[in-house]
Amino acid sequence: MRIGVIDTDRCKPNDCRIASQKPLCIRFCPVVRSGGEAIIFEEEEMDHPRIIENVCTGCGICVKKCPYDAIHISNIAEELKTDFTHRYGVGGFVLFRMPVVKPGKIIGLIGPNGIGKSTVIKILAGELKPNLGRPGDDPEWDEIIRYYRGSELQNYFTSLSQGQIKLAAKPQYITKLPEVVKGIAKSLLDKVDERGCMKNLIESLSMEKFLDRELTVLSGGELQRIAIAAVVGREADIYFFDEPSSFLDIRERLEVAKVLHELADLGKTVVIVEHDLAICDYLSDFVHVLYGKPGAYGIVSHIHGVREGINRYLDGFLPDENIRFRPEPIVFHLNPIASDGWESMEVVAQFPKIEKTLDNFKLEFEGGKIYKGEVIGIVGENGLGKTTLIRILGGELEPDPGIELPALDLKIAIKPQYLKPNYDGTVENYLSEVAGKSYHTSLYKTEVLIPFNLKSIEDRYIKELSGGELQKVEIARTLSTPAELYLFDEPSAYIDSQSRLTITKAIKRNIQNKHATAFIVEHDILCVDFLSDRLIVFTGEAGRKGIAYPPIGLKDGMNLFLKNVDITFRRDPRTGRPRINKYGSELDRKQKAAGDYYYISKKTEN
Ligand code: ADP
Ligand code: SF4
Ligand code: SF4
């Protein structure tokens with residue numbers, strides 16, 4: 001079966017042709033040239049061409065000819081003919097199948113952006129009535145219910161059609177919350193406390209300290225917890241959380257996991273999209289992998305137990321559907337990458353002990369050497385001064401009086417934590433401003449545009465980008481800025497799990513090739529593992545005192561960090577993937593006794 005999708009945001013039929021000629025895709029289609037109608041464009045009636053899927057031979061010539069990358073042609077399995085769920089208009093994105101809805105369980109959806117996760121949620125919420133792949137035909141509920149006969153969805157759609165399902169949903173971009181809701185945090189929470197559980201939620205999510213503040217002054221991590229509590233407090237049947245972990249530290253991520261498990265234990269259905277794989281693993285009971293071609297079609301995999309589902313996602317292969325959706329598996333290090341040998345590298349800077357006092361907060365950084373070519377992960381709970389340290393190292397903030405920083409002449413480039421798209425041009429304009437002529441070189445293409453998947457959005461306006469796209473552009477811009485010291489504050493936010501791993505590799509390779517040095521503040525532990533040569537660990541008391549240790553090797557750093565937050569990771573026996581241990585489980589206690597918080601040594605194995 002063939003799917004032909006024209007991306008109407010990208011397609012510009014008046015720009016891709018000369019005068020009265022037909023658009024390029026039509027002019028070059030061999031079927032059209034021999035009198036057939038594989039692609040049509042009735043200019044009076046249509047804004048964009050349309051592929052006639054049962055006539056198109058799938059040769060792909062139009063895909064190559066279109067100057068705006070607007071055409072997707074895919075051959076997909078015949079079996080999917082009976083699995084259509086929804087199509088956004090003729091020639092629009094197609095969603096195949098739906099996840100299983102299980103009351104009392106947490107279902108995780110894993111997949112890249114643009115693959116149909118929000119479409120799934122809109123359908124479950126009753127905001128979008130599935131058209132079973134027949135746009136314009138709008139099937140009645142009776143037919144939809146019959147279509148899903150024999151599956152859990154039959155009952156679900158029956159209740160939904162009778163208006164008996166209520167959904168409460170947390171959106172992905174919580175930093176926009178203060179634009180929509182005004183006032184102090186507590187009054188918002190009081191308004192949505194339909195289940196009478198807010199008092200417990202405030203305690204479980206450690207929100208007391210900032211309840212009396214205006215939403216506009218809250219940090220991303222604080223807003224995230226408010227947004228989660230505002231959804232959990234609602235009386236609903238199905239709860240959806242889009243990226244509940246962004247901007248939260250690892251301990252807060254686990255607090256959220258506990259709250260969501262309690263919600264499921266009440267018999268509620270909980271659906272999450274979570275790109276931190278360790279947290280998705282810890283949170284979900286079951287997962288569905290969404291695969292396909294972002295922007296063209298998405299297929300919801302069969303349901304899998306969480307361990308097996310995430311392993312298969314990492315494998316890139318679903319044996320029960322005989323589908324390979326990624327050419328290579330994602331592989332984890334069982335042992336830390338070698339962190340010694342830096343002594344022989346060139347020292348970039350040697351920092352003395354740095355202190356900084358801000359109102360009631362004090363930061364102490366023990367100082368230390370940094371070397372050329374290394375990536376230093378910065379880990380620790382929120383409120384311990386990670387961003388403050390970055391700002392001091394970056395020269396934006398002065399340390400306390402009397403502390404002399406080495407006279408650094410380093411050029412610095414920073415990717416801040418929160419992104420505010422305030423630029424009128426396109427992605428290409430924005431990146432060329434810093435990359436200059438090198439933007440058009442093949443090196444830039446292979447080192448930046450391809451790994452960051454920016455080639456297809458080069459001509460999009462910065463202000464129109466999604467959160468994930470903007471994050472990638474900002475990382476790329478930072479890396480393209482000529483500098484010796486690069487600082488990235490939470491580069492993984494809003495980026496899907498597979499892109500997180502490709503992007504971490506690209507950052508690392510870029511830094512090594514430039515012989516520069518990078519500091520990266522990151523909470524996704526798998527990204528920290530992939531990225532870091534050494535770690536700066538923060539401990540202390542949030543909002544009062546932060547202590548930052550000198551950079552140390554990954555093994556010692558992970559142990560120091562995870563010991564502080566009291567969390568251990570075991571390894572999945574088949575893929576080596578790190579999995580969070582249940583607090584107090586036999587393995588958790590054994591690993592803590594052996595001092596193996598992340599990498600497993602012989603002491604735990606014996
Ligand atoms: P995800 O949530 O996985 O990022 P979405 O469900 O938002 O994916 O989108 C999947 C595809 O469907 C995207 O290509 C998007 O542009 C398209 N799409 C979403 N909503 C509409 C709509 N109302 N009309 C046409 N296309 C849409
Ligand atoms: Fe032109 Fe591409 Fe649109 Fe065809 S799909 S009309 S080639 S922009
Ligand atoms: Fe025509 Fe080939 Fe494009 Fe199909 S894939 S519309 S046959 S050019």
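First listed ligand is number 1; within each ligand, the first listed atom is number 1. Positions are given from 1 along the sequence.
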Does [Y] offer a backbone N or O that forms a donor-acceptor pair with the side chain of [X] under 3.5 Å?
X      : Y      : answer
Arg477 : Tyr430 : yes
Glu78  : Met1   : yes
Gln471 : Ala493 : yes
His288 : Leu109 : no

Need the ligand 3 atom indices (1-based, order shown) with element for anything under 4.0 Å from a heavy-atom of [X].
X     : value
Cys59 : 2 (Fe), 5 (S), 7 (S), 8 (S)
Thr57 : 4 (Fe), 7 (S)
Val31 : 7 (S)
Cys62 : 3 (Fe), 5 (S), 6 (S), 8 (S)
Pro30 : 8 (S)
Gly60 : 2 (Fe), 5 (S)

Identity and separation of the nearest protein heavy atom to [atom]:
atom                    : result
atom 1 (Fe) of ligand 2 : Cys16 SG, 2.3 Å
atom 8 (S) of ligand 2  : Lys12 N, 3.3 Å
atom 3 (Fe) of ligand 2 : Cys11 SG, 2.4 Å

Quiz item: From atom 4 (Fe) of ligand 3 out to just under 2.8 Å, does an N/O/S atom of Cys56 turn up?
Solution: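 Looking at Cys56, which is the residue asked about, there is an N, O or S atom under 2.8 Å from atom 4 (Fe) of ligand 3.
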
message: Does the residue His48 have a heavy-atom contact with ligand 2, meaning some pair of atoms that are separated by less than 4.0 Å?
response: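 Checking ligand 2 against His48, which is what was asked, there is no heavy-atom contact under 4.0 Å.
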
Could you list the atoms of ligand 2 found under 4.0 angstrom from a heavy atom of [X]?
X     : answer
Pro13 : 6 (S)
Ile71 : 5 (S)
Tyr68 : 8 (S)
Pro23 : 6 (S)
Pro49 : 6 (S)
Cys66 : 2 (Fe), 5 (S), 7 (S), 8 (S)

| request: For this output row, return yes or no: ring centroids of Tyr88 and His86 closer than 6.0 angstrom. | output: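 For Tyr88 and His86, the ring centres are under 6.0 Å apart.
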
Original post:
Are Phe84 and Tyr147 close enough that their ring centres sit under 6.0 Å apart?
Top reply: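 No, the ring centres sit 6.0 Å or more apart.
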
### Task
May I ask you to check if any N/O/S atom from Cys25 comes under 2.8 Å of atom 4 (Fe) of ligand 2?
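Yes, Cys25 qualifies, because one of its backbone or side-chain N, O or S atoms lies under 2.8 Å.
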
Test item: Ile323 and Tyr291 side chains (from C-beta on) under 4.5 Å apart, heavy atoms =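 The answer is yes; the side chains approach within 4.5 Å.
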
task = Compute both the distance and the angle, then confirm whether Arg146 meets the cation-pi test with Phe157: under 6.0 Å from the six-membered ring centre, within 45 degrees of the axis.
result =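 Not satisfied by the 6.0 Å and 45° rule.
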
Could Lys102 and Phe286 be counted as a cation-pi pair, given that NZ or CZ must be under 6.0 Å from the ring centre and within 45° of the axis?
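Yes; both conditions hold, so Lys102 lies above the ring face of Phe286.
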
Report task. Quick one: pull up CD1 in Ile330 and OG1 in Thr502 and give me the separation to the nearest 0.5 Å. Result ->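 Nearest 0.5 Å value for the CD1-OG1 distance: 8.0 Å.
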
Next on the checklist: Show the nearest heavy-atom pair for residues Thr446 and Pro451, with the distance to one decimal.
Outcome noted: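 Shortest heavy-atom contact: O-CD, 3.1 Å.
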
